[in-house]
Amino acid sequence: MPTTDLPLFDDAILADPYPAYHALRTTGAAVHLSRYGVWAVSRHADVAAVLKDPTAFGSEDGIALTPLANEQVLAGTVLASDGARHTALRRVLSQQLAPRAMRGPGGRVAARADHLVAASLESGRFDAVALASDMVCGTVMELMGLPDTDRETLLAGAAATFDVFGPDNQRYQRALPLASRMVEMLHENLTRENVERGTWMGAVFKAVDAGQIAESDAIPLASAYVAASIDTTVLGLASCIVQLARNPAQWEILRRDPIRWSLPAFHEALRLEAPIQGLGRLLNQPADIGGVRLAEGEQVWLLYGSAGRDERRWGYDAHHYSIRRPRPEQHLAFGAGPHLCAGIALAELQARSVLRALAARCTRLHLDSSPVPILHNLLRGYRSAPVTARLAPGPQPRPVRQEGTS
Ligand code: HEM
């Protein structure tokens with residue numbers, strides 16, 4: 001049985017997990033991580049196969065690495081449910097997040113991106129993470145119907161929620177109270193009385209009234225919306241800007257035709273640096289992963305971050321950023337199968353809007369210093385990434401007017 005005592009969640013590996021992922025891919029299709037009691041699945045084809053077999057590999061009680069997170073934090077949520085219950089919860093989210101549902105907020109998101117990019121470029125220098133964070137928080141708070149005063153609780157709580165999915169270490173212990181505080185805040189602010197009809201939460205309460213879901217599902221769904229939508233998109237978008245600043249030839253391709261290349265640029269960044277590096281599944285029956293036989297009741301840890309670097313799938317240049325790579329959107333950073341990310345259209349809309357606004361104004365992006373990575377049990381990306389922009393000659397485009405601004 002392939003086994004390792006690799007400390008996957010220690011700082012040194014979190015800072016640069018790719019050598020460890022390479023070792024895992026080389027060792028076997030499934031490798032037992034003795035410190036955590038789970039099987040690491042690190043190759044693209046195996047991660048995809050597990051995600052697409054929810055009968056054998058369930059999400060209920062299998063997403064996180066501690067019983068407390070599985071049985072209390074995640075129990076009954078869309079992410080941690082299977083079968084009919086998952087379908088019912090997912091249907092409510094899908095109506096609000098489907099590509100056609102983006103037609104409504106699309107113009108406002110593009111205007112917000114244009115406005116934020118214009119403001120960020122006033123001094124010629126900006127922080128890619130701060131830009132992405134302002135973009136994503138503004139969008140999510142508006143769509144949820146949450147006041148701006150809740151922003152800090154939301155930001156801290158959303159990141160903490162993912163830390164709680166990891167092993168019981170210091171990061172996990174620090175995160176537990178922050179994640180609980182966010183849920184309390186959602187309970188306080190998202191009541192029937194103060195939720196507006198046109199918001200995501202308005203739609204959740206409508207589904208409760210129609211008998212599609214229970215009243216007790218409302219706040220867990222709110223939590224799924226905010227936890228899933230914030231850090232993931234902030235980290236993915238900031239990583240994309242960092243890659244474009246590091247690779248001037250790639251930026252040039254995008255800048256010359258942003259309509260064509262913005263989405264490949266975003267997906268290629270997600271392939272290279274998956275914002276969610278791993279999540280679990282529980283075996284509901286014995287199963288085979290690439291020739292390794294696992295028993296019912298075992299847990300697997302799916303390494304999306306490793307799948308994106310798997311040379312078997314992406315070739316010899318798997319570690320390079322190349323926006324012309326064929327089908328970069330086939331990465332697994334959004335998952336796959338029935339739990340495939342419900343918010344892809346919204347993440348793409350925000351990324352496309354920011355990249356196009358940058359392309360309209362800058363001829364060159366340059367990193368001022370090495371971006372500072374975050375150390376997190378699940379998430380990967382940067383805490384800050386200072387960028388200097390060379391502005392296009394001539395007058396800058398006037399920012400698109402945002403609704404509600406003069
Ligand atoms: C770059 C940005 C994003 C990344 C990398 C990402 C990644 C993921 C991944 C990997 C999963 C699958 C989890 C699993 O396999 O169990 C997932 C699920 C999910 N995502 Fe995203 N996500 C992003 C943006 C968003 C946004 C903007 C939303 C909007 C609300 C969102 C909502 C969700 C929801 C609700 C689920 C659970 C789906 C289910 O269990 O059926 N995500 N996401």
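Counting starts at 1 for both ligands and their atoms, in listed order.
Checked against the 6.0 Å centroid threshold, Tyr304 and Phe334 do not count as a close aromatic pair. Taking the centre of each ring, His331 and His44 stay at or above the 6.0 Å mark.
Residue Leu93 has at least one heavy-atom neighbour below 4.0 Å for each of these atoms of ligand 1: 35 (C). Heavy-atom contacts of Arg90 reach the following atoms of ligand 1: 38 (C), 39 (C), 41 (O) (cutoff under 4.0 Å). The contact set between ligand 1 and Gly335, taken as ligand atoms under 4.0 Å from a residue heavy atom, comprises 10 (C). If you number the atoms of ligand 1 from 1 as listed, the ones under 4.0 Å from a heavy atom of Pro338 come out as 41 (O). The distance from ligand 1 to the heavy atoms of Tyr304 drops below 4.0 Å at these ligand atoms: 14 (C), 15 (O). In summary, the atoms of ligand 1 found under 4.0 Å from a heavy atom of Pro275, numbered by their order in the structure, are 5 (C). Of all atoms in ligand 1, numbered sequentially from 1 with element shown, those under 4.0 Å from a heavy atom of Thr233 are 1 (C), 2 (C), 24 (C), 27 (C). Distances below 4.0 Å separate heavy atoms of Tyr225 from the following atoms of ligand 1: 30 (C).
Residue Arg281 places at least one N or O, backbone or side chain, under 3.5 Å from an N or O of ligand 1. Considering backbone and side-chain atoms alike, Ser229 places every N or O at 3.5 Å or more from each N or O of ligand 1. Checked against a 3.5 angstrom limit, the closest N/O atoms of His339 and ligand 1 fall inside it. Taking any N or O of His86, backbone or side chain, at least one lies under 3.5 Å from an N or O belonging to ligand 1.
Contact annotation: for Ile276 versus ligand 1, heavy atoms closer than 4.0 Å belong to the side chain alone. Counting heavy atoms under 4.0 Å from ligand 1, residue Leu279 touches it through the side chain alone. If you look at Leu97 next to ligand 1, the close heavy atoms, those under 4.0 Å, all belong to the side chain.
From the protein, the heavy atom lying nearest to atom 24 (C) of ligand 1 is Thr232 OG1, 3.5 Å. Of the protein's heavy atoms, Ala228 CB, 3.4 Å lies nearest to atom 32 (C) of ligand 1. In terms of protein heavy-atom proximity, atom 28 (C) of ligand 1 is nearest to Gly343 CA, 3.4 Å.
The two residues Arg151 and Ser133 have their closest heavy-atom pair at NH2-OG, 3.8 Å.
Residue Leu294 holds its CG atom at 9.5 Å from CE of Met1, rounded to the nearest 0.5 Å.
Using a non-hydrogen distance threshold of 4.0 Å, Gly236 does not register as a contact of ligand 1.
Using modelled atom types, no side-chain atom of Asp53 and backbone atom of Val50 make a donor-acceptor pair closer than 3.5 Å.
Seen from the ring of Trp314, Arg309 does not count as a face-on cation partner, given the 6.0 Å and 45° thresholds.
Remark: Arg125 CZ is loosely packed, at most 12 non-hydrogen atoms of other residues, nucleotides or ligands lying under 6.0 Å away.
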